[in-house]
**Student:** 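Encoded as C-alpha cells, here's the structure I'll be asking about.
The figures that follow rest on heavy atoms only: side chains count, while hydrogens, waters and symmetry mates do not.
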Amino acid sequence: MRITQSMLSSNMLRNLSNSYNKMGKLQQQISSGSKLTRPSDDPVAAIKGMGYRTDLGKVGQFTRNMNEVNNWLDTTDESLNQVGNAITRVQALITQAANDSNTTEDRQKIQKEIDQIREQMRDVANTKSGDKYIFSGTKTSQPLFDSNGIAGSSEVEYKSLDGNPGTGSIKFPVTDLDAAAGTAIDADGKAIEFDVPLMDANNKEVTIDGNGYPLFEAPTGYSNTVEVEVYNGVTLSVNQSSAHDMFQKIDNMMAKISDALASGKSGKELGDLLGGVSSTEGGSTIQGLQNMVLEVRAEIGAKQNRAETMTDRLAMQKVTVTKQLSENEDVEYEEAITQLITDESIHRAALSVGSKIIQATLVDFMR
C-alpha cells in the first residue's frame, strides 16, 4: 500500500490531538483532585461514589440527630438533679418540722418554703430543650403543668357519666375512700359521692392515689415515648417515659406535706412522711420519692451511655465511608504528575518527528 504525504499528515495530527486530550485530562484530574470528571470516565466508580455520598449524608443527619438526643438527655439529667436536690431540702425541712419544739409560727414558715419548692418543681417539670417540653411525652408543645396544675389540682370539678354536673368539687386529700361505691370524705370533712369512674370536667378519668390525691389521665394524644432515629433502623428514646406519673406523685406529696403543716399534725405524723432509707412506697413518703428519682436518673444515665456509644459508632462510620470514597475517586498525585510529565515528553517528541515528516511548502521558502 502506498503511503502518501496526506496520510502521514492526518495520522500525525490525529495522534497530536489524542496526546493533547490525555494531557488535558491529567491536568484536570490534578487540579480537581478527582479521577472522575464525568460519569462516562468510569461508570462503575461513579455509581459507587453516589452510594458513598448517600451514606455520608445519612451519617451527617444521624450525627445531628445525636446532638439533639444528647441535648435532651443532658437537660433531663440536670432537671432530675434539681428535683433530687429539692426533695433533699424537703426532707431536711420535714425533719426540722417533726420536732415538737417548733411553734405554729415556725411550721408556717416551713410550709411557705415547702410551697415555694413545690412551685419550683413544677417549673422543672416544664423544662424545655429548645422549644420542646421534655417531660410532656409526645405533646412537646404543651407544658406538663398548666396554670391549673394538671398533675396535682387541689380540687376536681366532676361530672356524672350521663354528662350532667356532679354534686360539686372534691377537695383533696380525701379519706375513707370507697372507689367502688364512689364515696369519700374530703379535706373539709364533707361526705361526698361521685359516679364511678370519677370523671373531671373535661371528661377525663381521675384516679385517687394512696395519699388521697388525684392522678389525672394523661392528655389526649399523650404518648410516653419520644424516639429519634440515630442509625438505619435504630432509634433512641430521648425522654423519661414515667415523667407524667413521677411529677404527679411528687406534686401530690408536696401538697400532702403542706396540708399536714397547715393542719397542725404532730411531730410523729410529720416524721412518718419521711419513710425509711429503703422505702419502696413510691409517692407515699419523701424517701420513696427520692428513690424514685434516683431510679429515673439511673435510666437516663444508661441512655446517655448508649448515646455515647452510638456517637462513637457514627464517627467511625464517617471515617470508613470517607476513606472508601477517597479510594474510589481521589487522584494519586504522584502517579498523575509522573504520567503527565511522561505524556508531555512523548508529545514533544511527536512534534519534533512531525516537523521532519511534513514536506516543505512554498510558504516555508517565503519566510
Side-chain angles (χ1 to χ4, degrees), residues 83-100 102 104 106-125 144-145 148-156 158 169-179 184-192 194 198 200 206-217 242-277 279-294 296:
V83 171
N85 291 338
I87 294 176
T88 299
R89 177 56 181 165
V90 171
Q91 196 172 31
L93 289 172
I94 294 300
T95 302
Q96 179 183 344
N99 189 330
D100 286 327
N102 286 286
T104 301
D106 292 334
R107 286 182 175 170
Q108 286 177 348
K109 292 177 181 177
I110 292 175
Q111 180 192 355
K112 289 181 181 179
E113 184 171 353
I114 292 290
D115 291 340
Q116 289 302 311
I117 293 174
R118 182 185 183 189
E119 291 301 318
Q120 176 193 348
M121 285 203 269
R122 285 189 172 191
D123 291 339
V124 173
L144 185 60
F145 284 84
N148 296 319
I150 61 170
S153 297
S154 61
E155 297 184 358
V156 174
Y158 62 96
S169 62
I170 301 176
K171 187 173 183 181
F172 295 95
V174 299
T175 56
D176 297 331
L177 171 67
D178 188 336
I185 297 176
D186 72 5
D188 289 333
K190 179 180 66 175
I192 54 175
F194 52 88
L198 174 62
D200 68 14
V206 178
T207 301
I208 299 176
D209 68 11
N211 291 323
Y213 286 89
L215 292 174
F216 295 90
E217 184 182 79
S242 59
H244 183 274
D245 293 336
M246 181 188 71
F247 278 108
Q248 192 170 63
K249 289 177 180 178
I250 290 173
D251 194 73
N252 287 347
M253 188 63 192
M254 295 297 291
K256 182 178 180 179
I257 293 170
S258 182
D259 291 341
L261 290 169
S263 61
K265 296 288 187 182
S266 67
K268 181 181 183 307
E269 290 173 310
L270 291 173
D272 289 341
L273 296 175
L274 294 172
V277 174
S279 177
T280 58
E281 295 94 341
S284 300
T285 66
I286 296 297
Q287 188 59 51
L289 290 179
Q290 191 73 278
N291 291 342
M292 182 168 55
V293 173
L294 289 174
V296 173

**Student:** As an exercise, state the distance from CG of Leu289 to CG of Leu294, rounded to the nearest 0.5 Å.
**Tutor:** 11.0 Å

**Student:** Keeping the roles fixed (side chain from Arg107, backbone from Ala97), state whether a donor-acceptor pair exists under 3.5 Å.
**Tutor:** yes

**Student:** Suppose we screen for side-chain hydrogen bond (donor to acceptor under 3.5 Å, both in side chains). Which residues come up paired with Thr88, at least two apart in sequence or across chains?
**Tutor:** Gln290

**Student:** What residues, two or more places apart in sequence or in another chain, satisfy side-chain contact (heavy atoms from CB on, under 4.5 Å) together with Ala260?
**Tutor:** Lys265, Leu270, Leu273

**Student:** Quick one: list whatever passes side-chain hydrogen bond (donor to acceptor under 3.5 Å, both in side chains) with Asp176, sequence neighbours left out.
**Tutor:** none

**Student:** Restricting to non-hydrogen atoms, name the atom on Gly271 and the atom on Ala98 that form the minimum distance, rounded to 0.1 Å.
**Tutor:** N-CB, 4.0 Å

**Student:** For Lys112, give me all partners under salt bridge (Lys or Arg N to Asp or Glu O under 4.0 Å), at least two apart in sequence or on another chain.
**Tutor:** none

**Student:** Would the distance check show the side chain of Thr95 and the main-chain N or O of Gln91 forming a donor-acceptor pair, the cut-off being under 3.5 Å?
**Tutor:** yes

**Student:** Using side-chain heavy atoms (C-beta onward) and a distance below 4.5 Å, is Val296 in contact with Val83?
**Tutor:** no

**Student:** Distance check, rounded to the nearest 0.5 Å: Ile94 atom CD1 versus Ile110 atom CD1?
**Tutor:** 7.5 Å

**Student:** What are the two closest heavy atoms between Val293 and Met246, and how far apart are they?
**Tutor:** CG2-SD, 4.4 Å

**Student:** So, taking the atom named CD1 in Ile257 and the one named CD1 in Ile114, what distance separates them when rounded to the nearest 0.5 Å?
**Tutor:** 5.5 Å

**Student:** Report the C-alpha distance between Asp115 and Glu119 in whole Å, list the side-chain angles of each, state the deciding distance to 0.1 Å, and finish with yes or no for side chain to side chain contact (heavy atoms under 4.5 Å, CB included).
**Tutor:** CA-CA 6 Å; Asp115 291 340; Glu119 291 301 318; 5.9 Å; no

**Student:** Determine, stepwise, if the pair Asn252 / Gln248 fulfils side-chain hydrogen bond (donor to acceptor under 3.5 Å, both in side chains).
**Tutor:** CA-CA 6 Å; Asn252 287 347; Gln248 192 170 63; 5.3 Å; no

**Student:** Asp272: which residues meet the side-chain contact (heavy atoms from CB on, under 4.5 Å) condition with it, sequence neighbours left out?
**Tutor:** Lys268

**Student:** If I take atom CE from residue Met121 and atom CZ from residue Phe145, how far apart are they, to the nearest 0.5 angstrom?
**Tutor:** 9.5 Å

**Student:** With rounding to the nearest 0.5 Å, note down the distance linking CE in Met292 to NZ in Lys249.
**Tutor:** 5.5 Å

**Student:** Looking at every non-hydrogen atom in both residues, tell me the closest pair between Ala184 and Val174 and how far apart they are.
**Tutor:** CB-CB, 4.0 Å

**Student:** Test: salt bridge (Lys or Arg N to Asp or Glu O under 4.0 Å). Region: residues 84-94. Which pairs qualify, not counting sequence neighbours?
**Tutor:** Arg89-Glu113

**Student:** Is the side chain of Asn102 donor-acceptor paired with the backbone N or O of Gln96 at a distance under 3.5 Å, no angle test?
**Tutor:** yes

**Student:** How many angstroms lie between atom CD1 of Ile87 and atom CD of Gln287, to the nearest 0.5 angstrom?
**Tutor:** 9.5 Å

